[in-house]
Each structure stands twice: as C-alpha cells, then as structure tokens.
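This one's a predicted model, so the numbers in the text were calculated from it and none came from an experiment. Residue numbers count from 1 along this sequence. Counting starts at 1 for both ligands and their atoms, following the listed order.
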Amino acid sequence: MKCLIFLCLVVLATAKIININDCEGIVVDGVSHTKETLKEYVERPYQLAMDYNNNVLYFSYSRKSRDIFALGNINLNTKEFDTVTGVNGGFANAVDEKTHSVYFGGSDGIYKLNFESKKATNLAVTDENVWQLFFKDGLYFTTYPDEQVYLYKDNQVTKVTEIGNTTAMLVGVNNGHNIFFSNSSGLFYYNKRDAKTTHVGDYILNGITSDINGRIYFCTPSGIFVVDDKTNEVKKLATIINIYGIAIESDGSILYSSENSIIRLKSTGKVCVSELDTKPDN
Ligand SMILES: *[C@@H]1O[C@H](CO)[C@@H](O)[C@H](O)[C@H]1NC(C)=O
Ligand SMILES: *[C@@H]1O[C@H](CO)[C@@H](O)[C@H](O)[C@H]1NC(C)=O
C-alpha cells in the first residue's frame, strides 16, 4: 500500500496538470489520451476479449451483408489481423487465462479454438444460440432470444438460477463471484453473500469485461465505466460517442471499438482538471 501511495505521488508530481479546455484527445479518468487506430475497415466489432497470455484481442464483426457475423483478432504485439473459422454465426468471445483456452459462442453452441489450425470446434455441450461469453472460473454465457444465463463448468452446462427468473443479455462476474447482468431495464448486481439483486443503474450496456486483475468495466453506446471492486461504485471513465465494445490491456490501456474500427487509448500523462458526471446517459 505504501508503495502504491508512493507511486501515485510520483505520477502526480511528474504529470502536467492542464485545464480541461486545453486537453487534447479523449479524457480518461481525468487524464488526456490520444487515439491509436489498431484496425480500420472492420464493421461493427463487438464483444472484445483479451488473451493476456498471447497479447491478442478477439472480437466479432459483421461481414458486408450485416447479418453474417465473423470472428477476428489482432495480435497486439505485431498488429496483425487474423480470422477464426469454423464457428456458425460466431458472435461471442472469452478467454480462460489459466488453461489458456479461447472460447467462442455461435448460433449453435460453444466452440474452442485450436491455436495451430486457427479453427474452432463445437464442444457439443449446448446447442443454444449464444449471445455473450464471460469467463470467471467457468464459462458464463447468455442466450438469444431467450436471454437466459448459463454456466459451463466441469464439462457441464447448468442454468444460473441464483439470479432468479430474469432475463439477461450481458453478464460479468467479479472477483467475489458476484454477478452483474444487464437487460433492457438496466444493469443489475447479484450479491452472492446475501443472495440479493440490486439495480445498479439505468445503463444500457453493449459490452462488459474485466481487466487482468478481475475488475469489471462496461460500456454503453456513449461511455466507458469502471466498477470499484470493494464498494461497487460505478465511475464514468470517459465519454465517447458510438462505442460498440471494450477490453482492457494488461497495462490498463483501454481498447474500444467504434462503428468500423478498433482503437487504443494511449495516455499522454497530462492530467486535465475536469468534472465527469457518473450518471447513466446512454
Ligand atoms: C419465468 O418467467 C416466465 C415469463 O416471465 C414465466 O412464464 C415462467 O413461468 C417463469 N418461470 C418460473 C419458474 O417462475
Ligand atoms: C431485468 O432484470 C431485473 C432483475 O432481475 C428484472 O426485475 C427486470 O424485470 C428485467 N427486465 C426485463 C425487461 O426483463
């Protein structure tokens, strides 16, 4: 802790503090950032997921005809773009860092990547149409159009019944194994300890992710938010219009997708004096 405080002091002491009006680029948590485009001409990239072992970003995107989903990835070391084949209607991505497994959700179940062939094969554990995947000591997934939450763990698929008979489009699980889920009514939080669900806010999510330390981040079409691991307080990090998805690199840098590109936010180290509101604005 002492070390952390010391680091903060050093960062503050070396950072240049400038007025918000003079801040170039995008302000993330009070610090000015520049945009680095990692990939252009990729339509509607959704559901970004980091593979921290290989430093690769996985995502889904739309092929020219907007109805066909495809799976792409970028090697963040070389910035090379690649695709994954074999998944019917591949839309969702998640990575288990411990076993180093990359999973995809398609229109007929859950697939696992073969790194050598760059092909994914259906695990044949469910034939549900998978909307989203989230890995936390097990593979959580939501289905479409039923909007139900399931968990694939120890070779079994079970319905996540704790959160009640509710609908959920996106699900995220924190370090305490408490469950965030969103539906068209907003963002909800299921606390395992007291088995209670609370309404976090009227956020309409289009992406939810965790960083390398398990902290939960989410995005709405117009902003990026982080959830405090202890207090569950939601903090708005940045206002950006037209966000489709987010992921957090191992050094904490934000990656996000817009309508047709994938962008990295790079810190300039300049602290801007600003007041960000934390209200949902979608
Ligand atoms: C769950 O909700 C649906 C629709 O709201 C309802 O039809 C169904 O009976 C409910 N199931 C249970 C087990 O309560
Ligand atoms: C969203 O989830 C909450 C909490 O379970 C539930 O009360 C609400 O009815 C759900 N909204 C919709 C549109 O299903």
Please produce the table of protein N or O atoms sitting under 3.5 Å from N or O atoms belonging to ligand 2, one pair a line, distance to 0.1 Å.
| from | atom 1 | to | atom 2 | distance (Å) |
| --- | --- | --- | --- | --- |
| ligand 2 | 2 (O) | Thr166 | OG1 | 2.9 |
| ligand 2 | 2 (O) | Asn183 | ND2 | 2.4 |
| ligand 2 | 5 (O) | Thr166 | OG1 | 2.8 |
| ligand 2 | 11 (N) | Asn183 | OD1 | 3.4 |
| ligand 2 | 11 (N) | Asn183 | ND2 | 3.1 |
| ligand 2 | 11 (N) | Ser185 | OG | 2.7 |
| ligand 2 | 14 (O) | Thr167 | OG1 | 2.7 |

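Checked for salt-bridge contact, Lys235 and Asp29 meet the test: a charged N lies under 4.0 Å from a carboxylate O. Of the charged side-chain nitrogens involved, at least one lies within less than 4.0 Å of a carboxylate oxygen, so that Lys79 and Glu36 count as a salt-bridged pair.
Taking the six-membered ring for Trp and the full ring otherwise, the centers of Tyr189 and His199 sit at least 6.0 Å from each other. A distance below 6.0 Å separates the ring centres of Tyr203 and Phe218.
Between Phe135 and the options Tyr152, Tyr103, Phe141, Tyr140, a side chain to side chain contact (heavy atoms under 4.5 Å, CB included) holds for only Tyr103.
When only modelled atom types and interatomic distance are considered, Asp82 and Asn73 share no side-chain donor-acceptor pair under 3.5 Å.
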